[in-house]
Amino acid sequence: MSIESPRTAIVGLGITEMGKVYGRSATDFAVEAITSAVADAGLRLSDVDGLYVNPGIKNDTDMRLQSTLGMRDTRVLATLQGFGSSAGQMVQYASLAIEAGMADVVVCVYADAPLKEGKRAGAAYPGQARAMVGVGSLPFAAGLKAAPERYAVGARRHMNAYGTTSEQFGAVAVAAREWARMNPHAQMRDAMTLEDHQSSRMIADPLRLLDCCLVSNGAVAVVVTSAERAASLKQPPVHIWGWGQAHPGYVNRRDSEFGLVSGAAQSGPAALKMAGVGVDEIDIRQIYDCFTYTTLITLEDYGFCAKGEGGEFVASGAIAPGGSHPTNTGGGELSSYYMWGMTPLSEAIIQARGQAGERQVEKHDLQMVSGNGGVLDFHSTLILSSHSKGR
């Protein structure tokens with residue numbers, strides 16, 4: 001086996017209804033997404049001999065999905081939790097298992113159902129109070145209770161260091177919405193202006209409501225197999241050219257790079273090296289965008305613009321429809337749906353197949369897909385192509 005040249009492909013994609021879909025559990029969504037993905041590939045569930053499950057923040061589903069699905073004698077089976085980096089990790093591990101002969105067809109699924117009828121979306125992911133004493137309790141006591149507050153610290157540090165502005169974060173939100181308006185799967189398809197962004201309420205200074213991702217009930221599943229087998233299946237194969245992971249392990253210290261550099265700075269170059277391509281050869285960027293700031297810093301760290309110039313880059317219109325660097329072409333997590341790393345991955349598959357309809361990017365040979373977990377703590381990168389390696 002040569003991990004310098006993977007010979008695997010994504011051949012199936014299953015997406016459930018997204019958003020405020022009530023009365024169904026995460027397991028219900030997972031079963032639907034997996035069944036759809038397998039059928040999309042032109043396979044049967046009995047063909048699947050590997051299953052990776054990312055249970056979401058609520059941990060309402062796990063590897064026992066095997067029994068729920070009626071699968072038997074599964075050769076590779078695990079619950080994998082890398083938070084927002086999980087999708088990229090699952091595809092990587094599925095590829096490695098296939099290359100090693102441990103499995104032939106592996107399904108990777110993310111499912112979650114945090115939204116409850118009658119409760120506001122903000123209550124879906126509350127901060128987790130912990131029984132801590134001493135200095136370990138200080139971040140929580142200072143108000144750093146949940147993701148918005150913690151990402152706000154990173155965003156503010158970037159603003160202080162490089163002069164990044166709220167309006168530049170807003171340009172990311174507006175671009176995402178422009179893409180989402182062409183996506184029938186997107187939860188938010190109403191027009192948005194920069195003025196709308198600037199007038200939206202403050203969530204955690206400097207992050208406003210329209211700087212923050214959606215909350216969604218639903219599931220996404222993908223099917224991975226060998227490139228050889230993929231050639232004879234139902235859908236155009238999406239070839240996996242490279243991958244990388246990086247987990248910075250930031251600490252709350254003044255000399256930390258937290259907020260200024262993310263794991264994309266390491267996982268991106270690793271994935272590009274494995275794929276044997278340069279960042280300037282990437283046609284489409286599918287970036288994990290839990291917040292507008294996350295898109296901006298990831299674009300910088302991948303090398304699409306210089307460090308500190310992300311604000312000017314996104315404000316130029318480069319990432320919007322018609323721009324030089326189409327990014328998050330389905331609307332991302334900001335405007336489409338929030339399925340952790342499966343959001344950017346699912347859109348990459350749709351674009352690679354040429355099945356994006358009105359929003360289809362003409363040049364879509366190579367795509368870079370990011371996953372970000374924790375608060376810039378965990379990172380994964382995939383390089384995907386419409387073509388087999390060497391073409």
Side-chain angles (χ1 to χ4, degrees), residues 10-19 21 26-38 40-41 51-62 65 78-95 106-115 125 176 180 183 185-187 213-224 238 240 243 245 284-290 294 298 328-353 355-356 367-373 378-382 384:
I10 297 169
V11 295
L13 173 63
I15 303 175
T16 68
E17 184 181 0
M18 293 291 174
V21 186
T27 298
D28 293 335
F29 285 118
V31 169
E32 179 187 340
I34 290 169
T35 303
S36 296
V38 172
D40 181 62
L51 177 63
Y52 289 125
V53 182
N54 179 212
I57 199 71
K58 296 293 186 178
N59 288 306
D60 289 337
T61 189
D62 55 31
L65 268 175
T79 300
L80 191 150
Q81 184 58 284
F83 301 104
S85 70
S86 300
Q89 292 189 39
M90 288 193 294
V91 170
Q92 175 183 340
Y93 298 142
S95 296
V106 181
V107 171
C108 308
V109 63
Y110 169 88
D112 209 0
L115 289 172
Y125 297 118
N183 182 3
H185 285 294
Q187 289 178 228
C213 69
L214 300 167
V215 181
S216 309
N217 289 353
V220 177
V222 300
V223 181
V224 183
V238 180
I240 301 162
W243 55 65
Q245 291 186 40
I284 308 176
R285 289 132 289 275
Q286 308 293 359
I287 305 297
Y288 193 98
D289 58 339
C290 49
T294 318
T298 304
N328 290 348
T329 53
E333 296 158 332
L334 292 169
S335 280
S336 184
Y337 48 82
Y338 183 58
M339 289 283 109
W340 278 7
M342 282 294 189
T343 300
L345 178 58
S346 59
E347 176 63 14
I349 294 167
I350 293 168
Q351 286 284 342
R353 291 175 171 183
Q355 298 172 350
Q367 297 187 69
M368 203 164 186
V369 182
S370 80
N372 168 73
F378 318 110
H379 206 277
S380 64
T381 303
L382 295 173
L384 304 180

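What you are looking at is a predicted structure, and each value in this text was computed from that prediction instead of being measured.
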Review point. Would T329 and I350 count as a side-chain contact (heavy atoms from CB on, under 4.5 Å) if you check the C-alpha gap in whole Å, the side-chain angles of each, and the deciding distance to 0.1 Å?
Key: CA-CA 10 Å; T329 53; I350 293 168; over 6 Å; no
Partner set under side-chain hydrogen bond (donor to acceptor under 3.5 Å, both in side chains) for [X], not counting sequence neighbours:
{"X": "Q89", "result": "S85"}
{"X": "N328", "result": "D289"}
{"X": "T16", "result": "none"}
{"X": "T298", "result": "none"}

Is there a donor-acceptor pair under 3.5 Å between the side chain of [X] and the backbone N or O of [Y]?
{"X": "Q92", "Y": "W243", "result": "no"}
{"X": "T343", "Y": "Y337", "result": "yes"}
{"X": "S336", "Y": "G331", "result": "no"}
{"X": "N217", "Y": "V21", "result": "yes"}

State, to 0.1 Å, how close [X] and [Y] come at their nearest heavy-atom pair, and which atoms those are.
{"X": "G19", "Y": "L115", "value": "O-CD1, 3.5 Å"}
{"X": "V109", "Y": "M90", "value": "O-CE, 3.7 Å"}
{"X": "L334", "Y": "C213", "value": "CD2-N, 3.9 Å"}
{"X": "A176", "Y": "S335", "value": "O-CB, 4.1 Å"}
{"X": "A219", "Y": "A30", "value": "CB-N, 3.8 Å"}
{"X": "T294", "Y": "Y288", "value": "CG2-O, 3.4 Å"}

Let me confirm one number: the [atom1]-[atom2] distance from [X] to [Y], rounded to the nearest 0.5 Å.
{"X": "D62", "Y": "Q81", "atom1": "CG", "atom2": "CD", "result": "11.5 Å"}
{"X": "F378", "Y": "S86", "atom1": "CZ", "atom2": "OG", "result": "9.5 Å"}
{"X": "I57", "Y": "W340", "atom1": "CD1", "atom2": "CH2", "result": "4.5 Å"}
{"X": "Y110", "Y": "S346", "atom1": "OH", "atom2": "OG", "result": "12.0 Å"}

Can you confirm whether [X] sits close enough to [Y] that some side-chain heavy atom of one is under 4.5 Å from a side-chain heavy atom of the other?
{"X": "I349", "Y": "V220", "result": "no"}
{"X": "M18", "Y": "M339", "result": "yes"}
{"X": "V369", "Y": "V91", "result": "no"}
{"X": "R285", "Y": "S370", "result": "no"}
{"X": "L382", "Y": "Q286", "result": "no"}

Practice item. For the residue pair Y52 and Y93, categorise the inter-ring angle as parallel (less than 30°), tilted (30 to 60°) or perpendicular (more than 60°). Key: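 The arrangement is perpendicular - the two ring planes meet at more than 60°.
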Point to revise | By side-chain contact (heavy atoms from CB on, under 4.5 Å) - contacts of T27 (at least two apart) | key: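 Expected list: S25, V31, T61, L65, T68.
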Practice item. Check the pair I34, L51 against side-chain contact (heavy atoms from CB on, under 4.5 Å), reporting the backbone distance first and the verdict last. Key: CA-CA 10 Å; I34 290 169; L51 177 63; 4.1 Å; yes
Review point. Would F83 and N54 count as a side-chain contact (heavy atoms from CB on, under 4.5 Å) if you check the C-alpha gap in whole Å, the side-chain angles of each, and the deciding distance to 0.1 Å?
Key: CA-CA 8 Å; F83 301 104; N54 179 212; over 6 Å; no
Practice item. Tell me, yes or no, whether the heavy-atom count around Q187 atom CD, taken from other residues, nucleotides or ligands under 6.0 Å, exceeds 12. Key: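 More than 12 heavy atoms, drawn from other residues, nucleotides or ligands, come within 6.0 Å of this atom.
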Review point. Sequence neighbours excluded, which residues qualify as salt bridge (charged side-chain N to carboxylate O under 4.0 Å, His left out) partners of D40?
Key: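 Only R353 meet the salt bridge (charged side-chain N to carboxylate O under 4.0 Å, His left out) criterion with D40.
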